[in-house]
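Naming: A, B, ... by sequence-line order, numbering from 1 per chain. For clarity, every value in this text was computed on a predicted model and none was experimentally measured.
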2 protein chains.
Amino acid sequence: MYDAITMKILKGELVEGEKLPSTRELAEKLGIARNTVVEIYEQLISEGYLETDHGRGTFVAGGNEGALESGLLSVQYPGGKGRHAGTGNRIDFMTGVPDLEAFPRKAWMRAIKESLHEAEDDLLGYGPALGYLPLRGVLSQYLMKNKGIHCSPEQVIIVNGTSDALSLIALMFQKPSGELMVESAVVSFVPDIFRTFGYSIRPLETDWQGLCTDNLPEAADGLIFCSPSHQFPLGGTLSVERRLQLVHYARERRHYIIEDDYDSEFRYAGAPVNSIYQLAPENTIHLGTFSKTLAPFLRLGYMVVPKKMSDGFRELQSNMYRRVGMHAQIALHLLFERNIYSRHVMMMRKRYKRKMRCITSALYNEFGDSIRIFGTNSGLHVAVAFPEPLFNAGSTGIFLKYGVSAELLTDYMIEKQAACDTLILGFGNLREDVIPEGAKRLKTAVCEISARQMCGDEL
Amino acid sequence: MYDAITMKILKGELVEGEKLPSTRELAEKLGIARNTVVEIYEQLISEGYLETDHGRGTFVAGGNEGALESGLLSVQYPGGKGRHAGTGNRIDFMTGVPDLEAFPRKAWMRAIKESLHEAEDDLLGYGPALGYLPLRGVLSQYLMKNKGIHCSPEQVIIVNGTSDALSLIALMFQKPSGELMVESAVVSFVPDIFRTFGYSIRPLETDWQGLCTDNLPEAADGLIFCSPSHQFPLGGTLSVERRLQLVHYARERRHYIIEDDYDSEFRYAGAPVNSIYQLAPENTIHLGTFSKTLAPFLRLGYMVVPKKMSDGFRELQSNMYRRVGMHAQIALHLLFERNIYSRHVMMMRKRYKRKMRCITSALYNEFGDSIRIFGTNSGLHVAVAFPEPLFNAGSTGIFLKYGVSAELLTDYMIEKQAACDTLILGFGNLREDVIPEGAKRLKTAVCEISARQMCGDEL
């Protein structure tokens with residue numbers, strides 16, 4: 001039914017403004033559950049095919065007619081071209097990249113266009129130090145509604161992505177013998193950025209549930225980096241107990257916690273948990289990004305800083321004349337204003353949830369009970385633990401030989417190990433229909449890796 | 001004639017594709033010099049009103065019809081709304097901001113739109129560490145043609161504006177007791193950025209001809225920041241002799257010169273001079289920006305680094321995951337490819353030349369021979385020296401009282417002085433027709449400042 005409706009719209013058989021049957025009528029007519037129809041309508045509304053006028057019904061939205069011919073929508077249309085469409089291509093289980101095919105090009109383009117038309121000349125200048133104020137305003141509302149974070153727009157800083165936020169924080173807290181405490185497995189640019197600014201790095205024990213909080217070091221004042229909502233790369237969600245323990249620890253010692261909340265928008269199961277920021281707004285710098293919810297090429301992220309620090313951050317940004325491009329900020333503000341952003345995130349959550357289900361079942365299909373999969377409650381990647389430390393630097397080549405790529409946990413460990421038992425598999429930018437084939441290839445590769453190990457063969 | 005043609009196009013009286021009379025015909029018909037007609041046609045072509053089809057003639061370009069009604073072109077249309085249009089508004093002689101009304105919104109919009117349509121999904125990702133390679137390619141060609149700089153695309157790095165380039169350089173050369181040598185008068189973010197990264201700042205004597213090169217300090221290896229093509233704020237263009245002296249000095253001591261070439265595109269008089277980079281490509285980091293030639297809100301600039309350093313810069317950018325937004329880079333590449341960028345710069349050069357003439361004659365009109373004006377050969381600002389050190393922190397309020405703002409040289413001095421005799425006046429974002437009124441207001445304000453000083457009145 002989803003395909004039938006979109007095809008009709010794309011071919012121009014259903015035109016703008018045309019009213020659709022009510023969910024009740026259609027369900028009766030087709031003999032299917034009304035809930036199913038409701039869900040499909042919602043999906044089509046979130047994708048911009050349909051519009052709803054509360055009370056009046058559901059209508060075909062404008063701007064999609066003939067899109068199929070013009071090729072405009074090919075990226076969104078299921079079955080369209082894609083890097084991983086053909087089985088001849090490599091299937092990359094790459095982390096950190098969202099579904100680029102699903103980026104709402106049309107809505108973004110419209111927002112970009114309108115924002116430039118409406119912009120006063122003043123907006124073409126350097127822009128304010130902490131970012132476009134209306135965007136920071138809608139963002140503070142969004143954060144309250146969606147993450148339970150109470151903050152004023154003055155505490156919100158727009159940045160060029162998470163790495164930019166980390167540079168700013170590293171500068172802000174810089175001192176002769178600065179130290180960053182960080183989860184022992186982490187994306188490499190985190191320690192690299194802080195090292196560049198002269199910090200020493202102290203890894204903290206981290207397990208499948210996230211940061212281990214019962215034995216934190218007796219450091220004086222300092223900084224702690226963590227990703228409590230979906231630990232990267234291990235996938236754990238920090239429990240309430242650990243959160244409280246961490247917050248208590250930080251408060252007592254006047255530490256600041258850098259909370260990297262890079263993909264909490266995509267939560268599929270389990271009760272929502274409070275952000276660290278909510279628990280300790282005076283001791284937490286909360287980081288978010290639009291690289292996962294929209295696309296990385298926008299280079300847009302945000303940080304929420306404690307009230308008492310916003311003047312300091314403003315001064316630092318001003319002195320260094322750090323600015324984020326205004327055009328994308330103004331357009332993003334429009335996406336928020338029109339609820340397009342929320343709807344897109346909602347749609348993507350469903351899409352990623354399907355992909356998450358797909359990858360877990362594909363992996364269990366191939367590997368059976370021998371593996372354990374972590375981090376399936378949210379986000380765009382999973383950690384897959386094998387019963388033996390099979391993988392080392394040589395494994396990458398064998399994966400590639402079988403047309404697949406996978407990341408090794410050890411590459412994310414601050415204290416790297418020669419061999420490891422865990423793969424990190426990202427699926428955000430993989431089409432659902434290639435994931436099973438990807439799992440098959442992984443299986444073949446792992447078999448070879450395992451066989452070579454058994455024979456004592458040098459990898 | 002310019003106004004007549006644009007009005008006809010904007011009102012829809014001349015429509016897309018309509019052929020215009022040849023320059024010869026029109027010149028004869030109107031009884032004016034053919035060169036005048038050629039110049040006006042060229043201007044209109046560069047502004048997108050007309051198109052030329054070599055051999056076939058000149059035609060009305062598409063996309064402008066009815067623009068007058070829709071308000072789309074009001075920003076470009078002379079006499080349109082503008083912050084400084086009414087005499088009730090303050091006239092800001094602000095530096096660093098180009099003519100925002102003249103930003104080619106339509107051409108930019110078209111490039112933005114097409115670039116997104118054509119972009120493969122891959123381009124929506126994080127992008128390469130040093131920037132979009134095709135942009136770096138056209139840029140290296142442009143630099144050879146327009147600045148005589150020979151470099152490969154690998155040496156070109158796209159940055160978020162000059163301040164971003166300086167942060168990157170400061171990181172690259174960071175060491176325990178790093179030092180930046182810098183012109184004694186300079187925009188404040190330069191020393192601020194380097195201080196933030198732990199450098200000490202050593203001001204170098206600078207006069208109306210730019211950096212004084214005959215008595216440079218005996219420092220070991222180090223960094224020198226200068227703006228040789230149009231010293232900011234003093235306005236001087238460094239002579240060939242001084243350039244050679246500086247380059248010789250830097251080579252002998254293995255210094256690196258940071259050449260901030262922020263507005264060399266707008267040169268109105270005098271022979272073109274070699275860039276420092278041309279003279280010492282192994283010892284120079286050349287900085288350019290699109291904030292002046294297009295608009296600051298794009299946050300786009302570039303650096304050209306010595307061949308041997310490009311790997312180091314790439315590694316640093318990669319490790320820190322520093323990236324510049326891709327969308328603007330792809331669109332800018334299109335502007336280069338279609339020659340729109342060059343034409344825009346050419347058009348703006350003429351426009352700014354008129355403004356430069358306007359501000360110098362307006363200032364001489366008001367102040368007569370008592371002042372000296374520096375830096376009129378190029379760029380978007382002048383330095384105006386008065387016979388007495390009239391100005392101090394209190395002067396700003398008096399300027400504002402008379403509806404005008406001006407910058408004081410002392411605010412740009414690394415070692416600030418209590419009083420100064422020089423104003424820095426930027427005119428990039430002022431409409432030509434308000435400049436004379438601005439000069440009048442300056443005169444009234446200066447009279448009051450001077451009178452107060454004579455009476456010993458506390459400012």
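- Ranked by heavy-atom pairs under 4.5 Å with chain B, the first of V97(A), I112(A), L298(A) is I112(A).
- Here the closest non-hydrogen pair linking H344(A) and P104(A) is CE1-CD, 3.4 Å.
- Proximity to chain A (any heavy atom under 4.5 Å) is restricted, for L171(B), to the side chain, taken from C-beta onward.
- Listed options S163(B), G125(B), A295(B), P98(B) were ranked by heavy-atom pairs under 4.5 angstrom with chain A; first place goes to G125(B).
- Side chains of S291(B) and Y262(B): a donor-acceptor N/O pair is absent below 3.5 angstrom, by distance only.
- Contact annotation for Q329(B): neither backbone nor side-chain heavy atoms come within less than 4.5 Å of a heavy atom of chain A.
- Taking the side chain to side chain donor-acceptor pair (under 3.5 Å) definition, one finds that D99(A) meets it with R351(A), K355(A), sequence neighbours left out.
- Looking at L124(A), the atoms closer than 4.5 Å to chain B (heavy atoms on both sides) sit in the backbone and in the side chain alike.
- With respect to chain A, the highest number of heavy-atom pairs below 4.5 Å among V324(B), L316(B), D164(B) belongs to V324(B).
- With a 4.5 Å cut-off on non-hydrogen atoms, T162(B) does not touch chain A at all.
- Top candidate by heavy-atom pairs under 4.5 Å with chain A, chosen from P191(B), G161(B), G96(B), is G96(B).
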CA sep, side-chain torsions, deciding dist, call: F173(A), Y199(A), ring-ring contact (aromatic ring centres under 6.0 Å, His included): CA-CA 10 Å; F173(A) 290 92; Y199(A) 288 72; 8.3 Å; no
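- Under the 30°/60° scheme for interplanar angles, the aromatic rings of F290(B) and Y302(B) are found to be tilted.
- Chosen from R322(A), Q174(A), M326(A), the residue pairing most often with chain B at heavy-atom distances under 4.5 Å is M326(A).
- Between the side chain of Q317(A) and the backbone N or O of L130(A) there is no donor-acceptor pair closer than 3.5 Å.
- Sorted by first then second residue, the side-chain hydrogen bond (donor to acceptor under 3.5 Å, both in side chains) pairs that include residues 125-136 of chain A, not counting sequence neighbours, are Y126(A)-K292(B).
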